[in-house]
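Worksheet for the structure shown next.
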Amino acid sequence: MLNKDQIAQRIAKEVQNGQYINLGIGIPTLVANYIPDNLEVVLQSENGLLGIGPFPTEDKIDPDLINAGKQTITMAKGSVLFNSAESFAMIRGGHVHLTILGAMEVSETGDIANWKIPGKMVKGMGGAMDLVASAENIIVAMQHCSRDGKSKLLQKCSLPITGIRCVKKIVTDIAVLDILPEGGFKLIERAPGVSVEEIKEKTAGKLVVEGEIPEMKFD
Amino acid sequence: MLNKDQIAQRIAKEVQNGQYINLGIGIPTLVANYIPDNLEVVLQSENGLLGIGPFPTEDKIDPDLINAGKQTITMAKGSVLFNSAESFAMIRGGHVHLTILGAMEVSETGDIANWKIPGKMVKGMGGAMDLVASAENIIVAMQHCSRDGKSKLLQKCSLPITGIRCVKKIVTDIAVLDILPEGGFKLIERAPGVSVEEIKEKTAGKLVVEGEIPEMKFD
Amino acid sequence: MINKTVADAKVAVADVFSDSVLMLGGFGLSGIPENCIQALLEKDLSGLTCISNNAGVDDFGIGLMLKKKMVKKMISSYVGENAEFERQLLSGELEVELIPQGTLAERVRAGGAGIPAFFTPAGVGTEVADGKEIREFEGKLYLLERWLKADFAFVKAWKGDTAGNLIFKGTARNFNPMMAAAGRITIAEVEELVPAGELDPNAIHTPGIYVQRIFQGKDYEKRIEQRTVSKR
Amino acid sequence: MINKTVADAKVAVADVFSDSVLMLGGFGLSGIPENCIQALLEKDLSGLTCISNNAGVDDFGIGLMLKKKMVKKMISSYVGENAEFERQLLSGELEVELIPQGTLAERVRAGGAGIPAFFTPAGVGTEVADGKEIREFEGKLYLLERWLKADFAFVKAWKGDTAGNLIFKGTARNFNPMMAAAGRITIAEVEELVPAGELDPNAIHTPGIYVQRIFQGKDYEKRIEQRTVSKR
């Protein structure tokens, strides 16, 4: 089973040179730590920055420079600032190549639920609905099952939906899976030591297994 | 009968302190020369400038600084540059207080025709349709009659329309007229030496004359 | 150039009335109109509708207005951690309309730009689409969304001039420029107010045409929500 | 930061193909992509659709492309004085779609911003409204207008960096920023190309995300259409 950093590390392998990328809060934020130095990519913060740098040292903290998770940040070389309308124009217009975000549930047709649990205090969808409705390529980082052992990869989401037919790939603590255009979770890789059988058991939606499923490799 | 400069001079009297103003090509451009120095107004150029200054001296000409008539200009103190979408956002959003433009015909309900003559080469409407559809206050500068003596203040425009029910006031070479909300050209002032009779003769649309009509005064 | 300077926040907000619709710039606590919020707190107001991406925290920003029960309705994309907010929401004292962040930004932009409605993909297939017109363009589904406008917009900029031209700093820009354009009366507070003509006309973010009043604010706290540092 | 520099205009336009849809920045002859237009003239192209506010003059700008009969259709707001344009239009060789200038700007902006359609008041009651959906909002009539996008967008900036970030000068900005965002492939030519990191991130007009290729142009003529001077 992968820990959060390993999920992030595995997702980082999907990053390609020259991409503009939006990283959601949580595990997705960790992906930045594993993007190889030889790749030139630009991280977008939807509150108005292209070119997120590392967190600041104590003396460089600026309250006027935060990311979408409200954390203090720095700007990378060549970065650019803009307003929220321009930021979502970029997102909606399909200019961001890759969006990585967390989820509570994903359906076998690529629907995602990640903003609301009925009966609990609703905090709002923030930019998630815009991101999932707009991005060409969405990778979800999530735990395969909830704490009480229920699969979060379902035939149909049970929670209120954030967006429909949008997720392309999922990296969980036990597997990497693609969403097939015709529907279904296609198993691509297993976490080290995890069997196909276990993944089958833990996937409530339609799982497609073809041929030998390799174990993930970490450098 | 007023000449073009006098029409501009009369229109300038309608300008109020603190207004943002868009001046069309032709007579409207001349209005800038007659705005009293004690009024603080800002002239918009819809190609991307608030704060048009005087024409440049020979040594100050900059091909990257033109007005909507493609004339070289300068920038007034406190001016600001922006793109065409922002410029028309200002116009469409009703932020420009006063629009002054020329017309070929105006109807008694405030329709204006000023962009196209059937059978002649069509050059395009430029920003005119946006301006007339958006502005709260539109003043038209025009000749009362065409060269062959036909009235240009009509019951209904004969030429293709630029915008409907938008003109509020007209200043011609012989009269100042308001468009009444219920329809009709209400005569406000006569040009020096021009009789009400003559204005009646030259106005094809419904003319409303109430009480004594004063002569225009020029300082 | 038209001079829009007013003395201070108190003068600037003098005519704000109960039951009016307000827009307040900022993302989290970054770029919020601190001085105007303080001045609003000192007025006897109620029934306000506040359009702002977030709702502050319990003891800062819009959170303080909630605590004083000035706010009837919040229109936001994310209302975050705010115990008093939660209490009022659950008790039914406060009405909340949650809007996707990009849709919120675009609706406010549309309000300033005279666009009464536009189509966006955000929210298709979700409860956000309930009751809204859905239409297909080039094989993809979109929702029709309406503009947002306000009686008063409060924005916070880094520098401003007496003509109302504004320059923001860092990510404190966020919703401020669109809200400046969407307010019937827009009040700008700035860290540094300079005479018209001192800002580079080519580097101004918000043209002064959108701003009706401007003043130099003071005592900015600029509270940080998530102080995150790296060691090196 | 991603390096988008290409050697020159010739390399930048190498894959432009016949029958493609182009956007070209500029207002009149101000801010037009002179180098790219020259490079396009040297290619064997036909059937192009050109979206540009104006159509150049007989011997400069898009006028030269018209003369070479590369253009099938112009989408503009004002086509001005251009004898060859007029001849081709009257003979039926050239198709022209005239659009109100603000609608053109907003349709291009919508193309870049992923807004497939929006309502605008411009053109209500005129022939521009023919065949378009009309709807009333708050007592006023509006037309539904669609986005515009292009296979290639050509923009001209004053300064740019290797990451594609652009700063324009004066009123030469005009349609360039929206077109940069609305092109599938956007090619920026700049008067001065600097390494990424040298432009003020807070003063950039077009974020580099919209630009796929950038090069430093040369021999800018910057022709003036209406040279107007004052004596003092």
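A note on names: the letters A, B, ... follow the listed sequences, proteins ahead of strands, and every chain is numbered from 1.
Counting non-hydrogen atoms of other residues, nucleotides and ligands closer than 6.0 Å to NZ of A:Lys77 gives a total of 12 or fewer. Surrounding NZ of D:Lys140 are more than 12 heavy atoms belonging to other residues, nucleotides or ligands, all under 6.0 Å away. Counting heavy-atom neighbours within 6.0 Å of A:Glu136 CD, excluding the residue itself, gives a total of 12 or less. When the shell of 6.0 Å around CG of A:Asp37 is examined, it contains 12 or fewer heavy atoms from other residues, nucleotides or ligands. Shown here is A:Gln155, whose CD atom has no more than 12 heavy atoms of other residues, nucleotides or ligands within 6.0 Å. Around CG of D:Asp130, the count of heavy atoms belonging to other residues, nucleotides or ligands within 6.0 Å exceeds 12. Annotation for D:Lys222: atom NZ counts as buried by contact number, over 12 foreign heavy atoms lying within 6.0 Å. Within 6.0 Å of the NZ atom in A:Lys156, the count of heavy atoms belonging to other residues, nucleotides or ligands does not exceed 12.
For chain A, no part of D:Lys149 is nearby; none of its heavy atoms comes within less than 4.5 Å. Interface remark: A:Ser134 contributes no atoms to any contact with chain D (heavy atom separation under 4.5 Å). Contacts between D:Ile209 and chain A at a heavy-atom distance below 4.5 Å involve backbone atoms as well as side-chain atoms. Interface residue D:Asn202: backbone and side-chain heavy atoms are both found under 4.5 Å from chain A.
Distance check: A:Glu86 CD to D:His205 NE2 gives 11.5 Å after rounding to the nearest 0.5 Å. Atoms CZ and CD1, on A:Arg92 and D:Ile115 in that order, are 4.0 Å from each other to the nearest 0.5 Å.
Not one N or O on the side chain of A:His95 forms a donor-acceptor pair closer than 3.5 Å with the backbone of D:Ala113. Between the side chain of D:Asp161 and the backbone N or O of A:Gly78, no donor-acceptor pair lies under 3.5 Å.
For the set D:Ala196, D:Gly114, D:Pro201, D:Gly164, the entry with the most heavy-atom pairs within less than 4.5 Å of chain A is D:Pro201.
Using a 4.5 Å heavy-atom threshold, the side chains of A:Tyr20 and D:Ile2 count as touching.
Of all non-hydrogen atoms in D:Pro207 and A:Val80, the two that sit nearest each other are CB-CG1, 3.8 Å.
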